[in-house]
Amino acid sequence: MSSSGDFWAVILAAGSGTRLAASVGGVKKQYLNWKGMPLFWHSATTFSRIPRIKGLVFVFPPSDIDKMKERVDELNSSCSLGLTYKVVSGGERRQDSVFNGLKDLPATCSHVLIHDSARPFASASMISSIIDELDKGASGVVPAVKVTDTIKTVNGNTITGTPDRSDLRAVQTPQGFPLHLIRKAHEISDGEGWNVTDDASMLEMMGESVVVCQGEESNIKITNPEDLAKLEETKMYVPCVGWGYDVHRYGSGRPMVLGGIPIPGGPEVVAHSDGDVLYHALADAILGLFGGGDIGLHFPDTDAALENMSSGIIVMEALSKAEAEGIKIVHADLTVIAQIPKLAPYREQIRKNVASVMGLPQSRVNVKATTEEKLGFTGEKKGIKAVATVTGVRLADVDG
Ligand code: CTP
Ligand code: MG
């Protein structure tokens, strides 16, 4: 069964991060930069991946509110959430910030998930499981993990008890509720002067039954200086592959060149540049390593300056774009497909030249030639085609 109203999330970012402040030059922890964006934005992007979530309310310190309205708009324009959002001021205590956030939810909202922006690692799948429990009619759903330490109650430094560990859970956020219930809880709390550290506590105090679902060990709250290690980015080299394909028609035009090597006696090709089909496939494969489009985009054949231009320049240009993207090319595998001419005599020469242009050892470049058994346009000697696969590596984040 799925609930009829909309699900929204309240992202709490109105704290002052006092326990961490001294280690981060006084920056409020929700604004710390991680993977190129402020910490609070990571939770926003996680929620935006869940189709059931229709909107977000961001809660920021009142003193930052104008600045943060602009910042959220700016972040959303460079990396759109695809969601409605509001930006509101928080209060002195966490629960005051929650209450302010709840007040701004629209009439169409039936359920709300309340999340600490200081927990940037919460996964979309865990959030979806909270939504599933709410769909089944729960009055409150809290992600929880078993505790591994033995917990003691103390009075001063004297132990007063050892609760049974199997009954204990450490709870996390987001915590999900039907909106009418959590609003009512906050209204009562306001009147009664309750002081709580999480949202579920209020429903428990009202006698409502709140359930736990499986939380995540990784869903920690960045709280103390030692937690900053969790935000350190570990990078490793990951592979990337680009593929290119090109065709040229035989006909009166340019003398045949393949991989920068003239092929004397080969049919002429019709082309705008020097018609080097192998270099064109190679350049497209290099651009494919990093989402660089194709050579038509960078070297349009309407450009008079490219008339009869050596395709080696196109390959060099593609290589420098790949390098600027931080890619190191490690291998190229090239195949020419043609019925005529016979290419075996030129294969090694092409291989050596391509390796030298690409700055690769010859062992990292492979050149193959094949016919299509007299089939198709190459078989009918109407043209020539080439395919290229280029492999590279680039540095990327490896953590969640
Ligand atoms: N929070 C909030 N409004 C408050 C207090 C806290 O929105 N008045 C938010 C924080 O921004 C954080 C979450 O509630 O995302 C959990 O609180 P906590 O970890 O205690 O953060 P801070 O209160 O900012 O940190 P500290 O207690 O160290 O000052
Ligand atoms: Mg706090």
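We use all heavy atoms of the structure for the numbers below, so side chains are in, but hydrogens, waters and symmetry mates are not. As the structure lists them, so they are numbered: ligands from 1, and atoms in each ligand from 1.
- Using cut-offs of 30° and 60° for the angle between ring planes, the Phe58 and Tyr85 rings count as perpendicular.
- The closest side-chain heavy-atom distance from Met126 to Gln172 is below 4.5 Å.
- At least one cation-pi condition fails for Lys29 and Tyr31: the charged atom is not both under 6.0 angstrom from the six-membered ring centre and inside a 45 degree cone around its axis.
- Around atom NZ of Lys184, no more than 12 heavy atoms belonging to other residues, nucleotides or ligands sit under 6.0 Å away.
- Listed by chain and residue number, the protein contacts of ligand 1 are Leu12, Ala13, Ala14, Gly15, Ser16, Gly17, Thr18, Arg19, Lys29, Gly91, Glu92, Arg93, Arg94, Ser97, Asp116, Ser117, Ala118, Lys221 (heavy atom within 4.0 angstrom).
- Evaluation of the ring pair (Phe, Tyr, Trp, His ring centres under 6.0 Å) rule for Phe177 yields no partner, not counting sequence neighbours.
- Ring geometry for His111 versus Phe7: interplanar angle under 30°, hence parallel rather than tilted (30 to 60°).
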